[in-house]
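One structure below.
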Amino acid sequence: MNLFTSFMLTSMFMLLLPIIMSNTQLYKNNLYPHYVKTTISYAFAISMIPAMMFVSSGQETIVSNWHWLSIQTLKLSLSFKLDYFSIIFIPVALFVTWSIMEFSMWYMHTDPYINRFFKYLLMFLITMMILVTANNLFQLFIGWEGVGIMSFLLIGWWYGRADANTAALQAILYNRIGDVGFITAMAWFLANMNAWDFQQIFITQHKNLNIPLLGLLLAATGKSAQFGLHPWLPSAMEGPTPVSALLHSSTMVVAGVFLLIRFHPLMEQNKTMQTLTLCLGAITTLFTAICALTQNDIKKIVAFSTSSQLGLMIVTIGINQPYLAFLHICTHAFFKAMLFMCSGSIIHSLNDEQDIRKMGGLYKPMPFTTSSLIIGSLALTGMPFLTGFYSKDLIIETANTSYTNAWALSVTLIATSLTAAYSTRIMFFALLGQPRFNSLSPINENNPHLINSIKRLLVGSIFAGYLISHNIPPTTIPQMTMPHYLKLTALAMTITGFILALELNLAAKNLKFKYPSNLFKFSNLLGYFPTVMHRLPSTMSLTMSQKSASMLLDMIWLESVLPKSISHFQMKMSTIVSNQKGLVKLYFLSFMITLTLSLLLLSFHE
Amino acid sequence: MSMVYVNMFLAFIMSLMGLLVYRSHLMSSLLCLEGMMLSLFIMMTVTILNNHFTLASMTPIILLVFAACEAALGLSLLVMVSNTYGTDYVQNLNLLQC
């Protein structure tokens with residue numbers, strides 16, 4: 001008996017302590033953020049021990065603590081599944097959250113409610129941990145809803161701003177639509193397999209699993225911003241940058257992908273679902289990469305980049321490689337969080353300027369941010385032997401050598417080159433060239449909180465891929481042999497994207513901007529998707545309900561059909577039929593003459 | 001036919017002439033309507049009393065009731081016309097021309 005479960009549960013429980021302390025004096029002084037950050041760093045250190053144990057011996061555990069209730073034949077208990085996925089994800093998430101907490105100690109320093117901000121971030125982390133370690137669908141749903149609620153509270157952090165409230169509401173609504181799929185899957189599992197535990201679901205034989213898997217795919221679409229339910233992710237950039245770094249790049253949006261990864265034994269056998277997943281991921285990654293090309297807000301470009309990488313993860317699940325998708329989740333967390341933190345550093349230094357057309361020339365004043373932004377972008381595009389290479393290149397190779405949908409494959413390759421294109425665009429506009437910002441900007445990156453947090457993630461972005469992929473237990477065998485042109489495809493597409501974007505940016509730098517072409521408008525307005533889908537269905541349903549309730553029922557059936565129609569009909573008939581001249585005296589006179597005449601005639605009749 | 005009936009019948013005919021032939025005021029035809037009602041009432045009462053037709057003794061009362069209603073209607077129409085035009089000249093009732 002080793003201390004595996006003790007260490008893991010200690011690490012989880014430590015995260016609860018600052019929340020419990022929030023009623024005491026500790027919450028009210030200004031050391032609370034430091035306390036939260038230290039707690040998370042200790043939790044990370046402690047959770048590395050079970051991770052090492054897993055790496056060396058492959059020990060997986062299921063901890064079933066407390067039997068909550070039994071509803072007839074369904075037993076609900078508090079149970080933690082500490083397997084390959086959770087044990088590796090928890091240290092990664094805690095490491096990234098540690099860096100983000102330290103970063104937000106610098107970023108949110110002047111915020112009067114900074115203690116509440118840290119409490120919200122910590123609550124989000126706790127619900128994410130619940131989601132990741134859940135062994136039954138009910139506990140996973142608790143974590144699922146929890147991250148949704150904390151996302152709402154954190155996106156709308158500056159609630160005085162109407163756009164932030166709209167964005168938070170948008171996030172909730174789109175996630176809700178996904179939750180319908182989740183609940184469908186839960187109901188199906190309950191009705192047909194009588195269990196919400198993963199073990200029982202995976203053992204039970206069933207012929208047609210399309211319905212629950214479709215429900216889970218819908219849930220992943222909602223939570224991970226796939227095409228169709230994607231507009232909330234760029235709108236969620238209304239929240240503060242630490243929120244964007246934590247929730248909408250590393251942790252919350254991968255919950256949908258994580259759900260599909262958890263169910264990989266069921267998805268392995270269902271070819272239809274795999275094709276659907278593949279096509280959905282492919283269209284997401286291409287569409288969001290196209291949209292990212294012409295955005296002007298630096299956070300929105302990184303948000304679309306996240307969405308595109310999420311599509312890539314879904315594509316990986318679609319080619320039946322859940323472990324590769326998980327590896328991409330872990331490596332993506334590092335460089336994406338770092339990209340957001342670098343954007344936050346730039347934004348704060350330029351006095352809250354987020355438009356890349358008003359940045360430029362930050363190469364000399366902010367060297368550290370510049371170098372970390374460049375390294376993060378290179379890691380994102382899959383530069384050989386940085387972090388992203390170990391997951392992204394493997395994904396592209398596996399997709400190239402597998403018997404898969406050719407359209408999805410080519411679309412993914414195009415999206416890979418577009419990734420390089422918009423990364424070049426960020427670097428070109430924000431860092432290179434002559435400055436385009438106000439002269440009196442307080443450019444200062446000399447704060448140890450900022451430097452240390454980005455430095456930690458920088459080291460992670462460079463080395464984490466190597467470290468993780470060489471220490472994990474072997475799972476599915478990667479493709480070892482392939483023709484050389486297939487092996488070099490990812491690299492070639494990336495270099496093409498880089499060179500094209502650099503040439504276009506350099507050539508068009510001083511040209512006058514004429515009227516935008518149709519393709520530009522399509523890309524800049526996010527494919528017209530929010531414009532159409534936010535206005536058209538709501539207008540139609542509201543108009544239809546107004547017409548049917550007010551016009552149809554009230555005004556037609558109750559007013560116009562009998563009462564008004566009778567009076568109108570009568571008046572019309574009387575004006576048509578009558579042709580009088582109103583000569584009343586003449587009429588009376590004729591009446592009298594008729595009477596007299598008839599009297600005279602009849603009295604002299606024999 | 002006895003003289004009483006002829007008398008009342010003549011009264012009825014006079015009122016009828018007055019109803020049908022009038023110059024300008026609507027009120028005069030309404031008055032003649034009342035006269036017609038009066039002569040009818042007297043005729044009916046005298047006939048019933050003379051022939052001891054006891055069962056029909058309530059008919060004059062009913063006639064009175066209906067005549068009162070009709071007089072009220074006629075007066076209300078007169079009031080409406082007078083409200084619109086100020087007088088009750090018959091030449092005002094010319095709106096229904098085609």
Side-chain angles (χ1 to χ4, degrees), chain A residues 536 538-606, chain B residues 1-3 5-40 43 67 70-98:
Chain A
L536 194 64
S538 18
T539 323
M540 272 172 41
S541 56
L542 283 177
T543 319
M544 191 184 72
S545 67
Q546 188 208 13
K547 290 274 180 281
S548 74
S550 167
M551 295 293 295
L552 186 63
L553 284 179
D554 281 348
M555 293 186 60
I556 294 185
W557 281 119
L558 295 183
E559 262 189 35
S560 167
V561 164
L562 282 184
K564 287 249 172 76
S565 76
I566 287 182
S567 65
H568 185 71
F569 182 72
Q570 295 298 332
M571 283 202 328
K572 234 185 160 37
M573 284 297 122
S574 66
T575 48
I576 288 177
V577 170
S578 61
N579 49 357
Q580 309 208 9
K581 290 204 199 320
L583 306 166
V584 180
K585 284 201 286 187
L586 216 61
Y587 302 149
F588 276 165
L589 208 59
S590 67
F591 186 57
M592 191 201 72
I593 290 180
T594 315
L595 258 182
T596 329
L597 263 177
S598 61
L599 216 60
L600 284 173
L601 278 175
L602 285 177
S603 70
F604 283 113
H605 186 69
E606 295 307 326
Chain B
M1 183 168 322
S2 62
M3 198 44 88
Y5 295 130
V6 171
N7 204 351
M8 277 178 293
F9 186 64
L10 267 176
F12 181 77
I13 296 296
M14 283 298 119
S15 297
L16 186 65
M17 290 294 142
L19 175 66
L20 297 177
V21 180
Y22 58 95
R23 283 286 301 276
S24 43
H25 284 276
L26 198 60
M27 190 63 160
S28 53
S29 60
L30 287 181
L31 280 171
C32 292
L33 212 53
E34 295 304 306
M36 281 165 70
M37 186 286 296
L38 179 67
S39 64
L40 274 178
M43 196 187 300
E70 145 205 3
L73 259 176
L75 270 177
S76 63
L77 281 173
L78 182 80
V79 165
M80 276 197 66
V81 172
S82 175
N83 264 346
T84 323
Y85 293 103
T87 55
D88 59 346
Y89 290 148
V90 171
Q91 59 252 35
N92 290 333
L93 302 177
N94 56 359
L95 279 183
L96 216 53
Q97 303 183 22
C98 60

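Every value quoted in this text rests on a predicted model; they were computed, and no experiment measured them. A note on names: the letters A, B, ... follow the listed sequences, proteins ahead of strands, and every chain is numbered from 1.
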* Structure fact -> For B/Leu20 and A/Phe588 the tightest heavy-atom approach is O-CB, 3.0 Å

* Examine whether an atom of B/Leu16 lies under 4.5 Å from a heavy atom of chain A, and if so say whether it belongs to the side chain, the backbone or both; otherwise answer neither. => side chain

* Over all atoms of both residues, closest heavy-atom pair of A/Met592 and B/Met17 -> SD-SD, 3.0 Å

* To do: Assess whether atom CE of B/Met3 is packed by more than 12 heavy atoms of other residues, nucleotides or ligands within 6.0 Å.
  => no

* **Crowding at OH, B/Tyr5 (>12 non-hydrogen neighbours, <6.0 Å)** => yes

